[in-house]
Amino acid sequence: SGKTSILVAIWWVFTNKYPDRDIVVLQATATEIKDSIINEIEKFLSNSGYEVGSELTCEWYIPRTKDRIIHRGQQGGTFFYPITDSKGGQRTRGISTKNKLSLVLFEEAQKNKDANVVEQSIATFIRQLDMQAKMIIVGNNETIGHWFIDFVNDKKQDPDWCYIYANCY
């Protein structure tokens with residue numbers, strides 16, 4: 001989709017601008033990570049002529065577990081984490097990466113069970129952000145009464161957050 005293409009472009013910019021920093025991509029559950037932006041990034045890299053594979057010797061290493069992307073010779077990497085386990089319990093508490101973070105990307109945030117789960121994940125990673133880092137929360141509009149609508153409306157009022165409405169079809 002249009003949103004995913006934009007997120008891949010953002011990932012590419014941050015990967016190249018901050019090669020010594022890590023990137024974290026979050027999805028609601030482990031199942032959704034397998035169908036996440038990692039597939040689009042892999043396609044982008046392959047279509048761009050890069051060597052991509054599940055062998056450590058590849059220029060861009062993406063293991064079969066689809067839990068990370070490592071660029072050979074680069075200090076920073078991209079790591080994919082589920083926010084919750086199958087029972088809805090928090091899984092991001094205590095996670096830290098080897099390097100400071102340049103980007104934290106929440107994909108399909110509305111698929112989480114509530115705002116508290118997302119806020120707890122924000123708290124986990126906000127302490128690890130580099131000074132120039134960005135935290136991007138992406139989600140789809142839901143029906144009236146869904147927690148994500150209230151979450152977005154609250155963030156719109158917060159001067160520390162920037163709201164961007166993207167109508168991508």
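- Within 6.0 Å of NZ in Lys156 there are more than 12 heavy atoms belonging to other residues, nucleotides or ligands.
- Counted by atom type alone, Asn99 and Thr97 present zero donor-acceptor pairs between their side chains at under 3.5 Å.
- Atom NZ of residue Lys66 and atom OG of residue Ser54 lie 9.5 Å apart, to the nearest 0.5 angstrom.
- Tested against Phe44, the residues Tyr50, Trp60, Trp12 include a single ring-ring contact (aromatic ring centres under 6.0 Å, His included) partner, Trp12.
- For the pair Val104 and Ile136, the minimum side-chain heavy-atom distance is 4.5 Å or more.
- Residues Phe148 and Asn112 fail the side-chain proximity criterion, which asks for heavy atoms closer than 4.5 Å.
- Distance check: Cys58 SG to Ile70 CD1 gives 13.0 Å after rounding to the nearest 0.5 Å.
- Judged by distance alone, with hydrogens and angles left aside, the side-chain atoms of Gln74 form a donor-acceptor pair with the main-chain N or O of Thr15 at under 3.5 Å.
- Looking at heavy atoms from C-beta onward, Asp67 lies out of side-chain contact with Phe79 at the 4.5 angstrom threshold.
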Steps toward ring-ring contact (aromatic ring centres under 6.0 Å, His included) verdict (Phe80, Trp11): CA-CA 13 Å; Phe80 296 79; Trp11 171 84; 8.6 Å; no
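- Formation of a donor-acceptor pair under 3.5 Å by the Asp154 side chain with backbone atoms of Gln157 is not found in this model.
- For residues 68-79, the set of pairs meeting the salt bridge (charged side-chain N to carboxylate O under 4.0 Å, His left out) definition, not counting sequence neighbours, comprises Glu51-Arg72.
- The shortest distance between side-chain heavy atoms of Lys134 and Phe14 falls below 4.5 Å.
- Across all their heavy atoms, Thr4 and Glu40 have their closest contact at CG2-CG, 3.4 Å.
- In this structure the side chain of Ile83 reaches within 4.5 angstrom of the side chain of Phe106, judged on heavy atoms.
- Atom CG of Asn47 and atom CD of Glu42 lie 10.5 Å apart (nearest 0.5 Å).
- Annotation: side chain of Glu108 is in contact with side chain of Asn140 (closest heavy-atom distance under 4.5 Å).
- Within 6.0 Å of atom NZ in Lys155, more than 12 heavy atoms from other residues, nucleotides or ligands are found, so the atom counts as buried in its surroundings.
- Side-chain contact between Leu105 and Ile37 is present, with heavy atoms from C-beta onward closer than 4.5 Å.
- Using a distance-only test at 3.5 Å, with no hydrogens or angles considered, a donor-acceptor pair links the side chain of Thr84 to the main chain of Ala28.
- A donor-acceptor distance shorter than 3.5 angstrom exists from the side chain of Gln128 to the backbone of Ile95, with no hydrogens or angles considered.
- Looking only at distances, a side-chain donor or acceptor of Asp22 sits under 3.5 Å from a matching main-chain atom of Gly77.
- You'll find the side chain of Ile137 stays beyond 4.5 Å of the side chain of Val152, heavy atoms only.
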